[in-house]
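Predicted model only: the values in this text are computed from it and were never measured. Numbers for residues simply follow the sequence, beginning at 1.
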Amino acid sequence: MSSTHRTAEDRPSGGERPPGGGRPPSPLRQLAAASVGNAVEWYDWHAYSFLAVYFAEQVFPPGTGNSLVPLLSSFAVFAVGFFMRPVGGLLMGAVADRHGRRAALTVTILLMGAGSLLVALTPTYATAGVLAPVILVLARLVQGLSVGGEFAASTTFLVESAGPGRRGLFASFQYVSTTFGQLLASGTAALLAALLSEAQMGQWGWRVAFLGGALLSLLGLWIRRGARETLDGVRAGEETSVAERRAARPGLFEALRHYPRQSLLICGITAGGTLAYYTWTTYLPTYAQVNAGFDKGDSLTVGTLSLAFFALLQPLGGMLSDRIGRKPLLLGFSLGFALLAVPLLHLVTDAFVSLLLVQCAGLVLLTGYTSIAAAVNAELFPARIRAAGIGFPYSLTVALFGGTAPYVGTWFRQSGHAGLFPWYVAALCLVSFCVYLTLPETARQKLDE
């Protein structure tokens, strides 16, 4: 069998087989290259949601008689950034499938750093007028393009780096690093809120977090230089002619044309999971603030503690799925949220312990999805179109349901129907439960089978 047709499962347990029969790369090195860069990406992305309550009134015009208008505007921009994610998933996925996973990972982290720097330099509405929100929107569009491509490239890279029986474990590091980046963003916001007054946070403190994210992107770029390519055709490129390599490159929409069922499955797999994820990890602190009068600083502290707990759960979920399969975890997550999302969100009060328990309980259930989402998605497509095949439908679904979660929740609150939002979460998780019932079990299949 030629090197260009070997699957990830045919390789040694360390992941890829280097050209010329050399020693395979260290699994830890591969995990670090994907995870550290991914963590930096998601720090930059999530810092926005944690700090929106501080910069909303600085960047957006105040609403007449309604203090929620600037916050709603900031969450609308949060959602706009998500709608660049499908474009990023498609374009960066194509880069990963044509030029290799490393090339795509390099581009995505550079874009994220640039977007974060632009947020840090955004002027206030008082000094620049409408130009201020325009600059913020542009920054979020750049970051959305980056993060859409990041998931596609890092997912394929992690799963292809895994050996037999370890894809679930390796895939779990997608959300370990994502959660660490979110944890770093939450912790940075909480630290700044503790050290600075609310007035200082609103005036300039929030800019410090985004400037730090731009600098961290350079660190992630440096670490990713040590990664080894996992796409066989690119890694063995010196053995083929330029014409042969061009002929082997997949078309931009090839995955959608030739694998429509798998593309639709990605949407169904992701819908309930992404809404639950962004509700519990991103929007819940704000939900507690606007619905239960929870203290801003305390909500950031609760979020930080809960995310640390969540990160520890991910490898356990990944290893469990390698033993018992993917479907039991997916079914447990979706059914659990369908039944418990409403009572859990109704338990949120202004008490510190109530929010901590509600958030941790939801994150235990959510692990059934997050720890294996990367593996489940990657196992649906062959290597040749894997990154683009995952990237576009996944990012489109996240944009529709995950990115809009803070806006929808705040809109329900403003319109006087805050109690409907938990039912929205439960209903979408029930839809995903029905999709999970139809899935084949892929845990023990070869990667390209």
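In this structure, the separation between OG1 on Thr367 and CG on Leu312 is 10.0 Å, given to the nearest 0.5 Å. Separation of atoms CZ (Arg384) and CG (Asp97) is listed at 9.0 Å; rounding is to 0.5 Å. From Leu355, atom CG reaches atom CD of Gln359 across 5.5 Å, with rounding to the nearest 0.5 Å. Separation of atoms CG (Leu215) and CG (Leu117) is listed at 8.5 Å; rounding is to 0.5 Å. Atom CG of residue Leu219 and atom CD1 of residue Ile223 lie 4.0 Å apart, to the nearest 0.5 angstrom. One distance of note links CE of Met84 with CG of Leu145; it measures 4.5 Å at 0.5 Å rounding.
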Would you please test Trp206 and Tyr54 for ring-ring contact (aromatic ring centres under 6.0 Å, His included) and show each step?
CA-CA 7 Å; Trp206 59 272; Tyr54 294 106; 9.8 Å; no
When you look at Phe180 and Phe310, which way does the ring-ring contact (aromatic ring centres under 6.0 Å, His included) test go after all the steps?
CA-CA 9 Å; Phe180 183 78; Phe310 186 53; over 10 Å; no
Could you go through Tyr175 and Tyr277, starting from their C-alpha distance and side-chain angles, then the distance that decides it, and tell me whether this counts as ring-ring contact (aromatic ring centres under 6.0 Å, His included)?
CA-CA 11 Å; Tyr175 273 92; Tyr277 176 78; 5.3 Å; yes
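Between Phe421 and Tyr424, the ring planes are tilted. Angles from 30° to 60° get that label. Note on ring orientation: taking the six-membered ring where Trp is involved, the planes of Phe381 and Tyr259 are perpendicular (angle over 60°, cut-offs 30° and 60°).
Under a 3.5 Å cut-off, the side chain of Gln143 and the backbone N or O of Trp45 do not form any donor-acceptor pair. The main-chain N or O of Arg323 is found under 3.5 Å from a side-chain atom of Arg444 such that the two form a donor-acceptor pair. A donor-acceptor pair under 3.5 Å links the side-chain atoms of Glu441 to the main chain of Lys327, judged by distance alone. In this structure, Thr279 contributes its side chain and Ala276 its backbone to no donor-acceptor pair below 3.5 Å. The closest donor-acceptor contact from the side chain of Asn38 to the backbone of Gln174 lies under 3.5 Å. Remark: side-chain polar atoms of Arg207 are paired, donor with acceptor, to backbone N or O of Ala120 under 3.5 angstrom. Checked by atom type and distance alone, the side chain of Ser116 never pairs as donor or acceptor with a backbone atom of Met112 at under 3.5 Å. Remark: the backbone N or O of Phe173 is paired with a side-chain donor or acceptor of Ser177 at under 3.5 angstrom. Not a single donor-acceptor pair under 3.5 Å links the side chain of Arg85 to the backbone N or O of Gly144. A donor-acceptor pair is defined here as one N or O able to donate and one able to accept, closer than 3.5 Å; such a pair exists between the side chain of Ser415 and the backbone of Phe412.
Ser217 and Gly113 make their closest contact through OG-CA, 3.2 Å (heavy atoms, listed as atom of the first residue, atom of the second, distance). Residue Leu158 comes nearest to Phe170 through the heavy atom pair O-CD2, 3.5 Å, listed as atom of the first residue, atom of the second, then distance. Here the closest heavy-atom approach between residue Ala378 and residue Arg386 is recorded as O-NE, 3.2 Å. Gly187 and Thr304 get closest at one heavy-atom pair: N-OG1, 3.7 Å.
Between the side chains of Ser172 and Gln314, no donor N or O sits under 3.5 Å from an acceptor N or O. In summary, the side chains of Asn377 and Thr155 do not present any donor paired with an acceptor at a separation below 3.5 Å, with no hydrogens or angles considered. A donor-acceptor pair shorter than 3.5 Å can be found between the side chains of Ser321 and Arg326. For the residue pair Thr127 and Thr124, a side-chain donor N or O sits within less than 3.5 Å of a side-chain acceptor on the partner. Defined by atom type and a distance below 3.5 Å, a donor-acceptor pair is missing between the side-chain atoms of Ser432 and Ser334.
Between Arg224 and Glu150 there is a salt bridge, with a side-chain nitrogen of the basic residue lying less than 4.0 Å from a carboxylate oxygen of the acidic one.
Taking the ring centre of Tyr48 as origin, the terminal cationic atom of Arg140 falls inside the region bounded by 6.0 Å and 45° from the ring axis.
Using a 4.5 Å heavy-atom threshold, the side chains of Leu184 and Leu216 count as touching. Proximity of Leu51 to Met201: side-chain heavy atoms (C-beta onward) are separated by under 4.5 Å at one or more points. At least one side-chain heavy atom of Arg167 sits less than 4.5 Å from a side-chain heavy atom of Glu379. Contact check for Leu105 versus Ser154: side-chain heavy atoms found under the 4.5 Å cut-off. Side-chain contact between Leu330 and Val376 is present, with heavy atoms from C-beta onward closer than 4.5 Å. Inter-residue side-chain proximity for Thr108 and Leu111 is flagged as unmet; no heavy-atom pair is nearer than 4.5 Å. Taking the side chain as every heavy atom from C-beta outward, Leu347 and Ser354 never approach each other to under 4.5 Å. Put simply, the side chain of His417 reaches to within 4.5 Å of the side chain of Leu420, judged on heavy atoms.
Ring centers of Tyr369 and Tyr436: at least 6.0 Å apart, outside the cut-off. Aromatic pair Phe151/Tyr394: centroids less than 6.0 angstrom apart.
Within the structure, no pair that satisfies the ring-ring contact (aromatic ring centres under 6.0 Å, His included) test touches residues 107-142, not counting sequence neighbours.
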